[in-house]
Amino acid sequence: MTIRIYNTLSGKREPLKTLKSGHVKLYVCGITSYDYCHIGHARSALAFDMIVRYLRYRDYKVTYVRNFTDIDDKIIARARQQNCSSDELASRFIDEFYLDMDKLGIDRPDIEPRATDHIPEMIEIITELIDKGMAYQAGNDVYYIVDSFPDYGKLSRRNIEDMRAGARIAVNEQKHNPMDFVLWKGSKPGEPTWESPWGAGRPGWHIECSAMSRKYLGTTFDIHGGGKDLIFPHHENEIAQSEGANDKPFVTTWIHHGFVTIRDEKMSKSLGNFLTIRDILSSYHPEILRFFIFSTQYRNPLDFSESAMKNATLGLEKLYECMAAIDVLDPDIGDEQAKALLTDVDKQKIGALEERFQNAMDNDFNTAQAQGIFFDTVKTINRNLSILSSSPAQSDIDIFKNAASTLKKLADIMGLLRVDAVTFLAEKNQKLLDKINIDEKMINLLIAEREQCRIEKNWSRSDQIRDELLAKNIELKDGPSGTEWSVKRN
RNA sequence: GGCGGCGUAGCCAAGUGGCUAAGGCAGUGGUCUGCAAAACCAUUAUUCAGCGGUUCGACUCCGCUCGCCGCCUCCA
């Protein structure tokens, strides 16, 4: 059983290969830090968080590097607007990013380099490229000679001629060739600068990742990840720089995740159709966002909508309700003599949970399928729980308890079921209750009155009370141990 | 225009050529209930955008057509 991953470079799903046995070196392009993060950024961070957790669960050692781009045109422009330095602005939004990540329960990568802390490393690579005749200085800028790298286009599957034909590339007078891209930008007055052999300036975007990945992971490493929109030009250019400078293969496997869309359009700042992570977390529990993100495989587009979030809410609650039902079972209630309720088929199904989960996740981290397997297992458990006798067989109790702990362990890879189930459901109810602003004492009084009516078989008054409460979104459930109430979801 | 991807039930979504086309939401019928609700059970695609082809056999591979999305400029 091997983990198979879709590799953008080959266009195929292939078995995971690592340079060093059992050790995955992973580099992921992080954010450009100049604003609050939106759900698309959350998807990226969550996807790789899940991948790293799964690899570790499968006993790989993982070295996970994710950078911050903290110098860039947009940062400079925004800082100017806000009357602060680029560094202050970038640092501020890195702090905000961490607040979001922490709320989402996303682990920190092992190494989180900032671009501006690695200027010497970038200058070094640029120097190497110039020495090899793969880059040239023009004015105060330095450009990469795309024609010097024969493999240019191998990741994004395009050839230079086609791209040259595209009219959308602005021709810069300084460039020898419109396709050449910038490695070092001479600075304009008032911009942050660093000294270099080519004068004061700042690095281009692509060189950052070549420099930082080489420093922390070496000239060749196992997996490089990012959003699909980074394939071209960013990752293509990284390959050109790194392989050009190092004369070694850059990355074995390229992983690219799909976008979050709204009404089937890519969420982006320019379209103004984005929602920030904190927008979402103000109305949804972080695990609901996680459940939603993982409800489709990471490479597919994921359309955000209220109804999709409601679906995710219901799904997550369904899992928690099963966990709560098992949690409240007294582990010592079991009767050693009682006849077991679970059939062999059911036992087999419950017992197969972990293996089925692994099969799904081995198949390019198919979290959607994995969630389906959770539900399938929960269905079997619920069916048996619903007919559990008051003195159940000890073997049944043990199986339920084991299943719950396995389910929690596996769900944790997606960051789900981390909260105590009973607490989660109680908080959910409280939150709904807060929203409708109703007096709990009043509810209990009415329930008591209705209880009396029911004893007296005064059905009309009893039903009237129930309808009154329902009008206020309070749902009554008559069970063997009395009447319970809950807040109905709209 | 070039390149990449997608099109599976009312909606979301798995499916690594051959086993009953997972699972969730919604719907319908039932058990339970004074009636309900919740829960549980059952049921919901002779068919996988369309048309051809390869194959003993295709949702799965190939070709074409239609529709949608993305990249080709910064972008997760």
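Values in this document were obtained by computation on a predicted structure and should not be read as measured data. Per chain, numbering begins at 1; letters A, B, ... match sequence-line order. Scope of the values below: all heavy atoms of this structure, side chains included, with no hydrogens, waters or symmetry mates.
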Subject >> Nucleotide nearest A:S462 (side chain, heavy atoms from C-beta), chosen from B:A13, B:C40, B:G34 >> reply: B:G34
**OP:** Sticking with atom P, work out how far B:A39 lies from B:C6, rounded to a whole angstrom.
**Re:** 36 Å
Original post:
If the P atom of B:C69 is compared with that of B:G63, how far apart are they to the nearest Å?
Top reply: 24 Å
Original post:
Reckon A:H257 touches a base, only the sugar-phosphate, or nothing at all at heavy-atom distances under 4.0 Å?
Top reply: base
**OP:** Scan every strand shown for a Watson-Crick or G-U wobble partner of B:C3, both distances under 3.5 Å, and answer none if you come up empty.
**Re:** B:G70
**OP:** Find the distance A:E265:CD to B:C71:C1' and express it as a whole number of Å.
**Re:** 15 Å
Subject >> Distance-only polar pair, side chains of A:E451 and A:T483, donor-acceptor under 3.5 Å >> reply: yes
**OP:** Look at the side chain of A:P233 and decide which nucleotide, out of B:G2, B:A76, B:C74, has an atom nearest to it.
**Re:** B:C74
**OP:** Considering only atom C1', compute the distance from B:C12 to B:A45 and round it to an integer number of Å.
**Re:** 15 Å
Subject >> Ring center gap for A:F292 and A:Y284 short of 6.0 angstrom >> reply: no
Original post:
With respect to the side chain of A:E475, which nucleotide from B:G34, B:A76, B:A37 is positioned closest?
Top reply: B:A37
Original post:
Side chain of A:R466, base of B:A36: donor and acceptor closer than 3.5 Å?
Top reply: yes
**OP:** Return the orientation label for the A:H257 and A:F48 ring planes: parallel under 30°, perpendicular over 60°, tilted otherwise.
**Re:** perpendicular
**OP:** Check the distance between B:A36's P and A:D463's CG and give it to me in whole angstrom.
**Re:** 10 Å
Original post:
CD of A:E451 versus P of B:A36: gap in Å, rounded?
Top reply: 19 Å
Subject >> Check: A:K175 main-chain N/O paired with A:D180 side-chain donor or acceptor under 3.5 Å >> reply: no
Original post:
What nucleic acid atoms does A:R43 come within less than 4.0 Å of, heavy atoms only: base, sugar-phosphate, or nothing?
Top reply: nothing
Original post:
Taking the side chain as C-beta and beyond, is there a heavy-atom pair between A:F181 and A:Q241 under 4.5 Å?
Top reply: yes
Original post:
What integer number of Å spans the C1' atoms of B:C11 and B:U16?
Top reply: 27 Å
Original post:
Is there a donor-acceptor pair closer than 3.5 Å between any side-chain N or O of A:E475 and the backbone N or O of A:S486?
Top reply: no
Original post:
Using purine N1 to pyrimidine N3 plus N6-O4 or O6-N4 for Watson-Crick, or N1-O2 and O6-N3 for G-U wobble, both under 3.5 Å, which nucleotide pairs with B:U47?
Top reply: none
Original post:
Between A:E238 and A:Y27, is any side-chain donor less than 3.5 angstrom from a side-chain acceptor?
Top reply: no
Original post:
What is the minimum heavy-atom distance between A:M361 and A:A370, and which atoms define it?
Top reply: SD-CB, 4.1 Å
Original post:
Mind checking the P distance from B:A13 to B:G1? Whole angstroms is fine.
Top reply: 28 Å
**OP:** Give a yes or no on this: more than 12 heavy atoms of other residues, nucleotides or ligands lie within 6.0 Å of atom NZ of A:K409.
**Re:** yes
Original post:
Does any nucleotide pair with B:A21 by Watson-Crick or G-U wobble geometry, both distances under 3.5 Å, and what is it?
Top reply: none
Original post:
Does any N or O donor sit under 3.5 Å from an N or O acceptor when you compare the side chain of A:N300 with the base of B:G5?
Top reply: no
Original post:
Rounded to whole angstroms, how far apart are CG on A:L470 and C1' on B:A36?
Top reply: 10 Å
Subject >> Span that lies between the C1' atom of B:U54 and that of B:C62, in whole angstrom >> reply: 7 Å
Subject >> Contact pattern, 5' to 3', of nucleotides 15-27 of chain B - B, S or - by protein heavy atom under 4.0 Å >> reply: SB-----BSBS--
Subject >> Gap in Å between the two C1' atoms, one belonging to B:C61 and one to B:G17, rounded >> reply: 8 Å
**OP:** Nearest whole angstrom, please: distance from the C1' of B:C41 to the CG of A:L388.
**Re:** 17 Å
Original post:
When you compare B:A49 with B:C66, how far apart are their C1' atoms, in angstrom units rounded to a whole number?
Top reply: 8 Å
Original post:
At under 4.0 Å between heavy atoms, what does A:S307 touch on the DNA or RNA strands: base, sugar-phosphate, or nothing?
Top reply: nothing
Original post:
A:Y6 OH to B:C6 P: how many Å, rounded?
Top reply: 8 Å
**OP:** Can you tell me the distance, in whole Å, between the CD1 atom of A:I31 and the C1' atom of B:C74?
**Re:** 15 Å
Original post:
What does B:U54 pair with, Watson-Crick or G-U, if both distances are under 3.5 Å?
Top reply: none
**OP:** Using only heavy-atom distances, determine whether the side chains of A:D364 and A:Y298 contain a donor-acceptor pair under 3.5 Å.
**Re:** yes
Original post:
A:T296 side chain N/O closer than 4.0 Å to the phosphate oxygens (OP1, OP2) of B:A14?
Top reply: yes
Subject >> Proximal nucleotide (of B:A76, B:A37, B:C35) relative to the A:K477 side chain >> reply: B:A37
Subject >> Proximal nucleotide (of B:C3, B:G34, B:A14) relative to the A:R157 side chain >> reply: B:C3
Original post:
For the pair made of CZ in A:R461 and P in B:A36, what is the distance, rounded to whole Å?
Top reply: 21 Å
**OP:** Choose from B:C74, B:A76, B:C40 the nucleotide whose nearest atom is closest to any side-chain atom of A:M267.
**Re:** B:A76
**OP:** Answer yes or no: does a side-chain N or O of A:K457 lie under 4.0 Å from OP1 or OP2 of B:C35?
**Re:** no
